[in-house]
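Each remark here refers to the structure printed beneath this line.
Atoms considered below: every heavy atom in the structure, side chains included; atoms not considered: hydrogens, waters and symmetry mates.
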Amino acid sequence: MGVRTDRPSPTPHPGIPGTFPGFGEDAGLDLPALTPHLEAQMVARLTAKDFPAWADTAAKVGHCAHPVRLHGTSTTIDAATGEVLSTYSSADEPLGVLHVRCGNRRESACPSCSRVYAADTFHLIRAGVIGGKGVPEDVADNPLVFATLTAPTFGLVHGRRNGRKCRAFTPKGIPGICEHGRPTVCHAVHDDQDRLLGQPLCPDCYDYTGHVIWQWWAPELWRRFTITTRRHLAKALGVPQSRLPNVVTLQYAKVAEYQHRGLIHFHALIRLDGPKTDTGFAPAPGGATAALLTRVVEDAAAAVRFDAPRLDEDDRVRRLRFGTQLDARPIATRRRTDDPDRELVPEQVAGYLAKYATKSASDTLDADNPHWQRLRHAIDDATERTDADLHRRRIPRLEHPYGLLGKWRHMLGFRGHFSTKSRRYSVTLGQLRRARARFQRRLAHAHRDGTPLDVGDLNDLLRDDADETTLVVGQWVYAGSGWDTDGDAELAKAAAARAREYAAWRAEKKHHNR
């Protein structure tokens with residue numbers, strides 16, 4: 001294993017545009033600037049007698065940054081006959097303990113597991129667009145809309161304006177100088193790396209409490225949006241809402257993304273299928289078009305309202321809604337990808353959504369961001385007010401609408417899932433994970449028995465658990481999390497980054513040689 005602490009200048013690889021000499025098959029690991037303590041730990045690991053065992057273990061878990069360690073045994077039994085097919089013990093592992101992936105979706109927490117999560121999310125979303133993974137290809141004929149729902153304004157902030165000045169003019173009714181003596185205009189043209197992006201023009205004018213409360217109830221707004229969309233859809237098709245499932249069904253895949261101002265907005269692929277069936281994915285009726293679905297989504301997003309409960313008796317009721325910057329556009333999945341009139345390609349949308357499914361507040365915002373710091377202070381203040389209200393009313397924390405707000409401080413008050421889908425949109429993440437585990441077991445058995453793996457006979461990897469012919473019985477004890485030292489963790493992260501670079505290098509090389 002080669003190790004280097006500096007990257008050579010990015011000179012393209014000969015004959016392969018966009019690649020670098022360090023991304024080839026013999027490249028070493030890129031390591032960050034190391035403290036003497038970390039460097040000593042790494043040297044100790046690299047020169048230890050059990051380094052090959054450690055390297056094999058790290059490779060088995062995909063160089064996960066924080067693997068879970070387990071002690072125990074498992075037995076594989078034929079479900080029909082009761083015959084013991086195989087046994088396994090963690091004591092047989094090279095390091096004497098079983099390491100399994102942490103499975104964290106956040107890129108900042110574990111780049112390796114985050115990459116797997118993003119890949120699974122990509123295939124989940126893509127299957128709902130063009131079929132595959134158990135979803136019929138005819139689903140691509142059903143109307144499909146890509147929608148982005150944003151948050152409303154809580155104060156003027158710096159932003160990109162498609163190459164124009166940030167805020168050359170003030171909104172109607174707002175003077176050029178706020179009551180705190182700060183300008184309400186900005187004539188700068190901000191680039192993507194400008195640290196002013198998302199910062200309020202006047203932090204004292206910005207409604208931080210309203211921001212936090214909207215963020216807390218954003219999942220409720222999305223839930224109401226799906227309900228309202230079905231109501232508007234029934235009205236547009238001229239059928240009672242109770243009969244809508246007999247005509248069309250609404251399916252979606254949604255991810256959440258942090259804006260520079262620290263507010264969540266939702267990206268969603270919304271599909272219109274035919275009548276509800278046991279298997280799903282029925283063809284949409286003739287009158288249900290992508291243009292109709294686009295209008296319905298726009299009208300529903302504009303109509304959603306929610307009156308948020310008060311923090312305490314001194315607070316006021318706030319009427320929450322989505323922002324006016326709604327983007328909804330149809331996707332025609334059957335048109336040629338090189339059609340100049342085509343605005344969105346399904347694979348691009350799937351990759352875009354999968355990318356943001358692995359992000360979090362810590363990935364998006366700088367810890368030194370003044371706006372983010374004030375948001376955290378606003379959450380702390382709201383939590384203190386909630387605690388005082390709990391004490392005054394003498395009720396359990398779970399009965400207060402903001403009782404758990406403090407637990408979501410690290411997420412800037414957002415408590416929802418970053419990636420969700422409707423039941424019949426496509427395959428599930430659980431099915432994809434079980435399919436991967438089945439494939440790995442088959443591959444391991446093939447290596448152990450010295451027999452080739454028939455890759456043409458893998459169609460049953462996504463079958464339901466009810467069809468399993470074997471039963472695995474195990475007894476496991478938690479032994480801890482993470483590697484032995486911080487140096488081990490940095491080596492694992494560097495190896496995971498090296499694997500990503502190598503995969504990109506292979507893919508571009510393959511593309512170049514076509």
Side-chain angles (χ1 to χ4, degrees), residues 79-80 120-147 222-255 268-290 292-293 296-297 300 330-334 346 349-350 353-354 357 417 419-439 457-471:
D120 285 348
T121 302
F122 171 83
H123 288 292
L124 179 153
I125 295 172
R126 184 177 184 272
V129 175
I130 61 175
K133 302 291 188 295
V135 179
E137 293 183 358
D138 290 344
V139 76
D141 293 325
N142 289 345
L144 187 69
V145 168
F146 179 52
W222 172 262
R223 186 185 73 86
R224 290 175 177 246
F225 165 73
T226 60
I227 295 172
T228 305
T229 301
R230 292 185 175 93
R231 289 175 179 167
H232 284 232
L233 187 59
K235 182 178 180 180
L237 295 175
V239 299
Q241 188 178 349
S242 60
R243 293 193 60 250
L244 184 65
N246 298 330
V247 180
V248 295
T249 54
L250 195 71
Q251 308 298 336
Y252 66 85
K254 176 264 293 179
V255 299
L269 278 169
I270 304 173
R271 194 182 69 228
L272 209 54
D273 290 355
K276 184 178 181 180
T277 63
D278 291 338
T279 56
F281 315 112
T289 64
L292 171 69
L293 181 57
V296 166
V297 167
I331 300 178
T333 58
R334 286 301 191 192
V349 176
L353 298 184
H417 293 287
S419 174
T420 60
K421 75 175 189 68
S422 59
R423 180 177 179 84
R424 293 294 186 183
Y425 173 79
S426 70
V427 67
T428 67
L429 287 176
Q431 287 176 300
L432 292 174
R433 290 162 181 163
R434 288 192 293 272
R436 186 185 304 108
R438 287 168 179 153
F439 174 78
D457 185 26
L458 299 176
N459 294 328
D460 60 339
L461 289 176
L462 288 168
R463 68 178 184 271
D464 293 334
D465 285 343
D467 298 330
E468 287 281 8
T469 59
T470 59
L471 179 67

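For Arg230 (side chain) and Thr249 (main-chain N/O), no donor-acceptor pair under 3.5 Å exists by modelled atom type. At distances below 3.5 Å, not a single donor-acceptor pair connects side-chain atoms of Thr228 with backbone N or O atoms of Ala300. Judged by distance alone, the side chain of Ser426 and the main-chain N or O of Leu124 form a donor-acceptor pair under 3.5 Å. Looking only at distances, a side-chain donor or acceptor of Lys421 sits under 3.5 Å from a matching main-chain atom of Arg423. Distance alone, capped at 3.5 Å, places no donor-acceptor pair between the Arg231 side chain and the Gln241 backbone.
With contacts defined as side-chain heavy-atom distances shorter than 4.5 Å, the pair Ser419/Val255 qualifies. You'll find the side chain of Thr226 stays beyond 4.5 Å of the side chain of Leu250, heavy atoms only. At least one side-chain heavy atom of Ile125 sits less than 4.5 Å from a side-chain heavy atom of Tyr425.
Here the CG-CZ distance, from Leu429 to Arg434, works out to 10.5 Å after rounding to the nearest 0.5 Å. With values rounded to the nearest 0.5 angstrom, Asp120 atom CG is found 9.5 Å from Lys133 atom NZ. Distance check: Leu293 CG to Thr229 OG1 gives 8.5 Å after rounding to the nearest 0.5 Å. Note that CG of Asp278 is 7.0 Å distant from CZ of Arg424, once rounded to the nearest 0.5 Å. Interatomic distance, Asp138 CG to Asp273 CG, rounded to the nearest 0.5 Å: 11.5 Å.
Taking a 6.0 Å sphere around CZ of Arg243, one finds it holds 12 or fewer heavy atoms contributed by other residues, nucleotides or ligands.
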| What's the verdict on side chain to side chain contact (heavy atoms under 4.5 Å, CB included) for Val297 and Tyr252, showing C-alpha distance, side-chain angles and the deciding distance? | CA-CA 12 Å; Val297 167; Tyr252 66 85; over 6 Å; no
| What do the steps show when you test Val427 against Leu432 for side chain to side chain contact (heavy atoms under 4.5 Å, CB included), and what is the final call? | CA-CA 7 Å; Val427 67; Leu432 292 174; 4.1 Å; yes
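Taking all atoms of both residues into account, the shortest heavy-atom contact from Arg271 to Gly128 is NH1-O, 2.7 Å. Across every non-hydrogen atom of Asn142 and Pro283, the tightest pair is OD1-CA, 3.5 Å. Nearest heavy-atom pair across Val129 and Val139 is O-CG1, 4.2 Å. Across all non-hydrogen atoms, the minimal contact from Leu292 to Ala236 is CD1-CB, 3.7 Å. Here the closest heavy-atom approach between residue Ala284 and residue Pro143 is recorded as CB-CD, 3.6 Å.
For the side-chain contact (heavy atoms from CB on, under 4.5 Å) with Leu144, the lone residue among Ile130, Leu269, Leu272 that qualifies is Leu269.
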